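As a basis for the values below, the full set of heavy atoms in this structure was taken, side chains included, without hydrogen atoms, waters or symmetry mates. Keep in mind that what you see is a predicted model, and the values were worked out from it rather than measured.
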Amino acid sequence: MTTFLTKLTMDFFIAFGIVLGGSMLGGIAAVFILQPPAVYMLKIAGNIKIWAMVAAVGGTIDPLRVIEFNFTEGYLSPAIKQILYFIVAFIGAQMAYQLIQWICEGAGSS
């Protein structure tokens, strides 16, 4: 059970960190090219959300194969665990995207 919770926690923070870090570094790059960083940060955060999920879970095909194999063999517990990994990674990526939105909207309202 602890390895399951550990992997859930890692997936959440990996997805969160990819979106947050990628957006922040993209904002720095926008400053270097004399463009508004908030626009680029929002665009980048939206574009890399799905890739953050994929990276956090560990690839594109293997986790889906685990789900498919376990469902077809009748083993629901491993398939449900894999689905939970995807959900938690999505929540992490979405929370980072929401944080970037709040940061960028706060920058334009002053």
Side-chain angles (χ1 to χ4, degrees):
M1 184 65 164
T2 59
T3 57
F4 174 67
L5 293 177
T6 300
K7 179 139 175 49
L8 281 178
T9 305
M10 290 299 292
D11 287 351
F12 174 85
F13 282 104
I14 290 169
F16 187 90
I18 289 171
V19 173
L20 185 65
S23 299
M24 294 294 220
L25 288 172
I28 292 170
V31 170
F32 288 148
I33 61 172
L34 304 175
Q35 297 295 318
V39 172
Y40 279 87
M41 288 172 67
L42 282 171
K43 186 185 298 185
I44 291 167
N47 288 341
I48 66 173
K49 247 184 357 183
I50 189 73
W51 296 110
M53 272 181 51
V54 169
V57 175
T60 56
I61 301 299
D62 291 336
L64 295 175
R65 283 187 183 156
V66 169
I67 294 170
E68 184 250 338
F69 174 76
N70 286 309
F71 267 135
T72 57
E73 294 296 317
Y75 304 117
L76 296 181
S77 179
I80 291 171
K81 284 182 181 180
Q82 198 67 39
I83 291 168
L84 283 175
Y85 294 145
F86 275 110
I87 291 171
V88 168
F90 172 76
I91 292 169
Q94 183 62 33
M95 285 181 69
Y97 176 72
Q98 190 67 44
L99 180 62
I100 293 296
Q101 276 188 319
W102 289 339
I103 290 170
C104 292
E105 288 173 2
S109 64
S110 52

Donor-acceptor contacts, no H, no angles, side chain residues 6-20, under 3.5 Å, sequence neighbours left out:
| unit_1 | atom_1 | unit_2 | atom_2 | d |
| --- | --- | --- | --- | --- |
| Thr6 | OG1 | Thr2 | O | 2.6 |
| Lys7 | NZ | Asp11 | OD1 | 3.2 |
| Lys7 | NZ | Asp11 | OD2 | 3.3 |
| Thr9 | OG1 | Leu5 | O | 2.8 |

Worksheet item: For the residue pair Tyr97 and Ala45, what are the closest heavy atoms and their distance?
Response: CD1-CB, 3.5 Å

Fill in: Pairing residues for Gln94 by the side-chain hydrogen bond (donor to acceptor under 3.5 Å, both in side chains) criterion, not counting sequence neighbours
Lys49

Fill in: Shortest non-hydrogen separation from Met41 to Ile100 and the atoms involved
O-CG2, 3.8 Å

Discussion item. Same cluster or not: Trp51 versus Leu42, using hydrophobic residues (I, L, V, M, F, W, Y) connected whenever any side-chain heavy atoms lie under 4.5 Å apart?
Written reply: yes

Discussion item. Rounded to the nearest 0.5 Å, what separates atom OG in Ser23 from atom CG in Leu99?
Written reply: 9.5 Å

Contacts under 3.5 angstrom, residues 28-38 side chains, donor-acceptor by atom type, not counting sequence neighbours:
none

Worksheet item: Can you tell me how far the CD1 atom of Ile91 sits from the CE atom of Met53, to the nearest 0.5 Å?
Response: 10.0 Å

Item to complete: Sequence neighbours left out, what pairs pass salt bridge (Lys or Arg N to Asp or Glu O under 4.0 Å) with at least one residue falling in residues 14-33?
Response: none

Side-chain donor-acceptor pairs under 3.5 Å in residues 83-90, sequence neighbours left out?
none

